[in-house]
Amino acid sequence: QFVESGGGLVQPGGSLRLSCAASRFTQDYVAIGWFRQAPGKEHEGLSCISTRDGYTYTADFVKGRFTISIDEAKNTVYLQMNSLKPEDTAVYYCGERHFCVNHVFSRDFLSWGQGTEVTVRA
């Protein structure tokens with residue numbers, strides 16, 4: 001239902017914009033979010049957006065660097081990532097959620113795509 005793209009190799013301090021193309025209208029979902037999985041680590045929730053009222057939440061550890069947005073005309077959700085660090089290296093996934101409130105636990109994702117790989121290194 002979701003196809004992530006936009007990953008790649010970037011130097012520390014660089015930026016990437018990830019895209020999440022939904023197979024249905026974004027309004028068909030209550031909320032859409034992003035999470036990541038670094039090598040050898042568990043899933044880590046990053047950000048979510050409500051399609052009902054546009055409410056967004058971003059986890060504290062990436063707040064100020066990562067920004068989620070939605071383009072309903074394109075049925076696409078974006079994750080703008082700035083000031084990237086080597087510890088941001090991971091596979092990034094987007095997916096459906098029942099809600100977007102003041103947390104974004106990875107366990108609350110209902111479905112997700114195949115992911116897009118981001119590597120941050122000099």
S.K.: Ignoring hydrogens and geometry, is there a side-chain-to-backbone donor-acceptor pair from N82 to S15 under 3.5 Å?
M.R.: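 Judged by distance alone, no pair lies under 3.5 Å.
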S.K.: For I68 and V77, which heavy atoms make the closest approach, and how far apart are they?
M.R.: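 Result for this residue pair: CG1-CG1, 3.8 Å.
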S.K.: Membership question, hydrophobic clusters at under 4.5 Å side-chain separation (ILVMFWY): are W112 and V3 in the same one?
M.R.: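 Cluster IDs for V3 and W112 differ.
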S.K.: Where does the angle between the aromatic ring planes of H43 and Y93 fall among parallel (under 30°), tilted (30 to 60°) and perpendicular (over 60°)?
M.R.: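 It falls in the tilted class, 30° to 60°.
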S.K.: So do H98 and D108 actually touch side chain to side chain, heavy atoms under 4.5 Å?
M.R.: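 Side-chain contact under 4.5 Å: no.
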S.K.: May I have the step-by-step check of side-chain contact (heavy atoms from CB on, under 4.5 Å) for K85 and V120, ending in yes or no?
M.R.: CA-CA 6 Å; K85 306 174 182 180; V120 185; 5.5 Å; no
S.K.: Please test M81 against V118 for side-chain contact (heavy atoms from CB on, under 4.5 Å), starting from the C-alpha separation and ending with a verdict.
M.R.: CA-CA 10 Å; M81 305 189 299; V118 172; 3.9 Å; yes
S.K.: If you round to the nearest 0.5 Å, how far is OH of Y78 from OG of S5?
M.R.: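 Result: 8.5 Å between the selected atoms.
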S.K.: How about F66 and W34: are their ring centres within less than 6.0 Å of each other?
M.R.: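 No, the ring centres sit 6.0 Å or more apart.
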S.K.: Do F35 and I70 sit in the same hydrophobic cluster, where Ile, Leu, Val, Met, Phe, Trp and Tyr count as joined when their side-chain heavy atoms come under 4.5 Å apart?
M.R.: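 No, F35 does not connect to I70 through the hydrophobic network.
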S.K.: Indicate yes or no for a side-chain donor-acceptor contact from Q27 to the backbone of T51 under 3.5 Å, with no hydrogens or angles considered.
M.R.: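 Side chain of Q27 to backbone of T51, a donor-acceptor pair under 3.5 Å: yes, one is there.
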S.K.: Working to the nearest 0.5 Å, report the span between SG of C20 and OH of Y92.
M.R.: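 C20 SG to Y92 OH: 14.5 Å, rounded to 0.5 Å.
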S.K.: Count I, L, V, M, F, W, Y as connected when their side-chain heavy atoms are under 4.5 Å apart, and connections chain through other members. Are F61 and L16 then in the same cluster?
M.R.: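 They do share one cluster, since a chain of ILVMFWY contacts under 4.5 Å joins F61 to L16.
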S.K.: Tell me the closest heavy-atom pair linking R97 and V30, and the distance in Å.
M.R.: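 Where R97 meets V30 most closely, the heavy atoms are O-CB, 4.0 Å.
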S.K.: Less than 6.0 Å separating the ring centroids of Y29 and F2?
M.R.: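 Close enough - the centres of the two rings lie under 6.0 Å apart.
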S.K.: Would you name the heavy atoms of T58 and S47 that are closest together and state the gap between them?
M.R.: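 Minimum heavy-atom contact is OG1-OG, 3.1 Å.
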S.K.: For the hydrophobic clusters of this structure (ILVMFWY residues joined by side-chain heavy atoms under 4.5 Å, transitively), does one cluster hold both V91 and F109?
M.R.: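 Linked within one cluster.
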S.K.: Do D88 and R65 come within less than 4.5 Å of each other through their side chains, counting heavy atoms only?
M.R.: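 The answer is yes, as the side chains (C-beta and beyond) meet within the 4.5 Å cut-off.
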S.K.: Roughly how far, to the nearest 0.5 Å, is SG of C94 from CD1 of I49?
M.R.: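 Atom-to-atom, I49:CD1 and C94:SG are 12.5 Å apart.
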S.K.: Where is the tightest heavy-atom contact between A122 and P12, given as atom of each residue plus distance?
M.R.: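 Result for this residue pair: N-CD, 3.6 Å.
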S.K.: Could you give the distance from OG (S50) to OH (Y57), rounded to the nearest 0.5 Å?
M.R.: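 Taking OG in S50 and OH in Y57, the distance rounds to 15.5 Å.
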S.K.: Nearest 0.5 angstrom please: I32 CD1 to Q1 CD, how far?
M.R.: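 Separation between the atoms: 10.0 Å.
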S.K.: Please find the pair of heavy atoms, one from L79 and one from L46, that lie closest to each other, and give the distance.
M.R.: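 Here L79 and L46 meet closest at CD2-CD1, 4.2 Å.
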S.K.: Report, as yes or no, whether the 6.0 Å neighbourhood of atom NZ on K74 holds more than 12 heavy atoms from other residues, nucleotides or ligands.
M.R.: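 Not buried by this count: 12 neighbours or fewer within 6.0 Å.
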S.K.: To the nearest 0.5 Å, what is the distance between CZ (R36) and OG1 (T89)?
M.R.: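 Here the interatomic distance stands at 9.0 Å.
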S.K.: Can you tell me how the ring of H103 sits relative to the ring of F99, calling it parallel under 30°, perpendicular over 60° and tilted otherwise?
M.R.: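 Correct class here is perpendicular.
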S.K.: Just wondering, do L18 and E4 contact through their side chains at under 4.5 Å, heavy atoms?
M.R.: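 Counting from C-beta outward, E4 and L18 never come under 4.5 Å.
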